[in-house]
Structure formats: C-alpha cells, structure tokens
There are 2 protein chains.
Amino acid sequence: MEEHGPVPPPHPAEDVTEHVGYRLKRAAAALRGAMDRALRDHGLTVPQYSCLELLDERPGLSSAELARGTFVTRQSAHVVLRGLEDAGLLARAAHAGHGRALPVHLTPAGRERLHAARGAVYAVESRMIEAVPARRLAALLADLDTMAAALGE
Amino acid sequence: MEEHGPVPPPHPAEDVTEHVGYRLKRAAAALRGAMDRALRDHGLTVPQYSCLELLDERPGLSSAELARGTFVTRQSAHVVLRGLEDAGLLARAAHAGHGRALPVHLTPAGRERLHAARGAVYAVESRMIEAVPARRLAALLADLDTMAAALGE
DNA sequence: TCTTCCATGTCAGCATTTTGACATAGTCCG
DNA sequence: CGGACTATGTCAAAATGCTGACATGGAAGA
C-alpha cells in the first residue's frame with residue numbers, strides 16, 4: 001500500500017523547466033540510495049567507493065584532484081581518504097612528487113575490496129540502464145554532460 | 001573491453017566518467033551548485049527553496065510529505081521547516097487536521113520570497129535546458145523518471 | 001470491539017560536509 | 001630576481017543530514 005505516488009500537479013502543462021531539476025534530483029537520490037544499500041554489504045560508503053574507483057583508474061591522483069572527481073570539497077575528500085587509509089585500502093606518499101600534491105594509490109587490499117564491491121554497483125547501474133531504451137543511452141549520457149557543462153561556467 | 005574482472009561492466013566503458021552514475025552525479029552536483037549560487041542572493045538554501053516551491057503548489061502538505069518530496073528524512077525536513085517558520089515564511093497548523101500530520105502552508109511573506117527567488121532558479125534551469133536539443137528534452141525527462149523508478153523498488 | 005500495524009512528529013546522538021582560514025610550494029610574469 | 005597569483009594540504013568550527021528511538025493518532029483486520 002503505497003499512496004506516496006507522485007500526485008499529479010495541478011498544472012500539468014506547467015513549464016517543464018520547473019521539473020527538470022526535480023527529476024534530476026530524484027534520479028540522483030534514487031541512485032545514491034541504491035548504491036548505498038548495495039555497498040553496505042561491502043563495508044563501503046558511496047564517497048569511499050567513488051574514491052577507490054577513481055584511484056583504480058588513475059593511480060597517483062592527489063587529494064584535491066580526487067575531491068574534484070567526486071564533486072566534494074578538499075576537506076571532505078580528506079576525511080574520506082583518512083578513513084580509507086586507516087582501513088588499509090590506500091596509501092599516501094609521504095613526500096610530494098610535484099608541488100604540494102601527495103600522490104595517492106590503492107593497496108592490494110584496496111583493489112581487492114573494490115573488485116568485490118564493483119559487482120554490486122554494476123548491478124545497480126544495470127538496473128538503471130535497462131530502464132531506458134538502449135538507443136537513447138548515448139544521447140542521455142551526452143545530454144547529462146552538456147547540461148553539467150552549461151551550469152559549470 | 002579488456003576488463004576480465006570477476007564482474008563484467010554493464011556496458012562498454014573504459015573510463016569511470018563514461019558511466020551513467022558518474023554523469024548523473026556530475027549533473028546533479030552542477031545543478032545544486034548553480035542553484036545555491038542563484039539562491040544566495042535571496043537568502044535561501046536549496047532545501048528551503050524546494051520546500052517553498054512544493055508548498056506553493058500543494059498547500060497543506062505535512063512535514064513528512066514534504067520530506068519525501070524533497071528526498072530527505074523527516075528529521076531533516078523538520079529542521080528546514082523550523083528555519084522557514086522562524087523566518088516567517090510559512091506556518092504550521094497547531095492541530096492536526098488528519099491523523100498526526102500538521103498541515104503546513106506559506107505565509108504571504110513566504111509566497112513573496114518564493115516569487116522573488118523563482119526567477120533566479122528558472123534562469124539556471126533555462127541554461128541547463130538550452131544545452132540539450134529541444135527534441136530530446138521530453139525523452140530525457142522520461143528516462144530520468146524511469147531510471148529513478150527502476151531503482152526505487 | 002479490540003488488537004495490531006503503520007505513519008507521523010519529535011528528541012537525542014552521531015556522521016558527514018561545508019565554510020573559513022592559514023601556511024606552504026610552485027608558477028607566471030614584471 | 002622578486003612579487004603576485006594559484007593550487008594544495010590541513011586545521012577549526014559550523015551547518016547539515018542521517019540513524020535510532022519513542023510516543024501518539026488512525027486505520028485495517030480478526
């Protein structure tokens with residue numbers, strides 16, 4: 001019994017502009033929730049998983065670059081890194097390789113944990129992707145990208 | 001795809017940034033940031049604006065319904081409502097009209113503030129919408145919706 | 001009717017994230 | 001060379017959001 005169904009707005013023909021943000025937020029919230037549930041079994045949070053995934057692909061990233069890649073502040077990324085470091089999933093170089101940036105890289109344990117969790121996350125993404133017609137997927141990705149770019153500057 | 005890990009990716013992607021989840025998060029983060037900047041001049045935060053907008057469209061909503069509509073917990077919504085109430089932008093009925101739910105409605109000041117801020121928010125959404133081909137907009141909205149629905153249950 | 005169940009409002013504690021600030025290291029010109 | 005500028009790491013504090021818990025009011029079903 002779910003009566004929380006989206007109540008039809010009084011003005012159906014209302015500007016779609018009003019709803020784009022809502023739909024986007026809704027989709028993002030649903031994804032966040034689903035990922036959270038999927039990752040719980042692996043002892044990871046979404047920000048933690050994001051960091052691991054990014055580091056697996058681009059080893060040696062700095063804390064600040066990681067922050068930008070996960071759309072949070074440097075300070076937030078720092079907290080996440082600290083947690084992952086304490087868990088032995090990644091290591092930070094003691095000395096800066098360039099500038100003040102301290103390169104970060106996964107440990108074997110970190111890679112193992114990431115690979116284990118990846119399946120759960122990919123399952124979530126699959127559910128999401130299969131909900132949209134395959135031929136529209138590329139366009140969807142492109143549109144999300146251009147929208148973000150349009151707002152970024 | 002050279003990825004022969006324990007779990008195959010849901011779709012070909014050499015790059016994490018190619019994933020739907022990443023793009024979605026990126027777009028949502030960009031929107032959130034742009035709305036935040038736009039609303040700052042009006043003395044409102046994004047959650048506050050969301051509440052006002054929702055209440056303007058559906059007066060008498062309860063705190064819990066408001067929470068679901070803005071994708072946060074009841075507790076978080078409660079804090080937001082308290083702030084808006086202290087600012088005189090909305091009022092909560094003293095007695096429950098039905099069950100324990102306390103109907104909430106905007107005050108004239110709340111409506112005025114909302115109308116003032118709406119322009120700034122619409123400008124942001126316009127920028128976002130104009131970045132994607134008009135003929136794909138409807139499909140984009142529908143796809144965001146179905147994706148959210150696919151993850152919700 | 002009564003009993004069980006669900007939704008709501010609310011309190012408390014904790015986790016997460018952001019804002020603000022500062023020192024440091026490198027870069028870009030003058 | 002030297003100063004302005006930028007980027008990074010980090011600390012402190014506040015804001016924000018969530019989990020857990022509890023009591024209450026209605027509704028559904030035995």
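No experiment lies behind these values; they were computed from the predicted model shown. First the proteins, then the strands, lettered A, B, ... as listed; each starts at 1.
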Could you run down nucleotides 13-19 of chain C 5' to 3' and tag each one B, S or - for protein heavy-atom contact under 4.0 Å? ----SBB
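Sorted by first and then second residue, the ring-ring contact (aromatic ring centres under 6.0 Å, His included) pairs involving residues 58-88 of chain A (not counting sequence neighbours) are Phe71(A)-Tyr22(B). The ring-ring contact (aromatic ring centres under 6.0 Å, His included) contacts involving residues 31-52 of chain B comprise nothing, where partners must be two or more places apart or lie in separate chains.
Protein atom CD of Glu85(B) is 12 Å distant from nucleotide atom P of dG9(C), rounded to whole Å. At whole-Å resolution of the value, CD in Glu65(B) and C1' in dC6(C) are 15 Å apart. His78(A) places its NE2 atom 15 Å from the C1' atom of dC22(C), with the value rounded to the nearest Å. Rounded to whole Å, the distance from CZ on Arg74(B) to P on dA23(D) is 15 Å. At whole-Å resolution of the value, CG in Leu61(A) and C1' in dA7(D) are 14 Å apart. Rounding to whole angstrom units, CG of residue Leu81(B) and P of dT10(C) are separated by 9 Å.
By the side chain to side chain contact (heavy atoms under 4.5 Å, CB included) test, Asp56(B) pairs with Leu106(B), Arg111(B), Leu114(B), His115(B), Arg118(B), sequence neighbours left out.
A donor-acceptor pair under 3.5 Å is formed between the side chain of Arg23(A) and the backbone N or O of Leu141(B). The backbone N or O of Ala142(A) lies less than 3.5 Å from a partner atom in the side chain of Thr146(A), making a donor-acceptor pair.
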Quick test: give all pairs of protein nitrogen or oxygen and nucleotides 25-29 of chain C nitrogen or oxygen below 3.5 Å, distance rounded to 0.1 Å.
none

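Heavy atoms of Arg82(A) sit nowhere under 4.0 angstrom from any nucleic acid atom.
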Apply side chain to side chain contact (heavy atoms under 4.5 Å, CB included) to the pair Leu39(B) and Gln48(B), showing each step before the final yes or no. CA-CA 10 Å; Leu39(B) 287 170; Gln48(B) 286 175 335; over 6 Å; no
Worked verdict on Leu84(B) versus Leu89(B) for side chain to side chain contact (heavy atoms under 4.5 Å, CB included): CA-CA 5 Å; Leu84(B) 290 172; Leu89(B) 301 183; 3.8 Å; yes
In sequence, state the C-alpha distance, the side-chain angles, and the governing distance for Leu144(B) and Arg26(A), and then conclude on side chain to side chain contact (heavy atoms under 4.5 Å, CB included). CA-CA 8 Å; Leu144(B) 284 175; Arg26(A) 176 166 138 84; over 6 Å; no
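There is no side-chain donor-acceptor pair under 3.5 Å between Ser50(B) and Glu53(B).
Rounded to 10°, the angle separating the first-five-pair axis and the last-five-pair axis of the helix from dT1(C)-dA30(D) to dG30(C)-dC1(D) equals 40°.
Enclosure of atom CZ in Arg82(A) is not indicated, since only 12 or fewer non-hydrogen atoms of other residues, nucleotides or ligands lie within 6.0 angstrom.
Close to dT10(D), at under 4.0 Å from its OP1 or OP2, lies a side-chain N or O of Arg92(A).
Here the side chains of Asp143(B) and Arg136(A) are in contact, with some heavy-atom distance below 4.5 Å.
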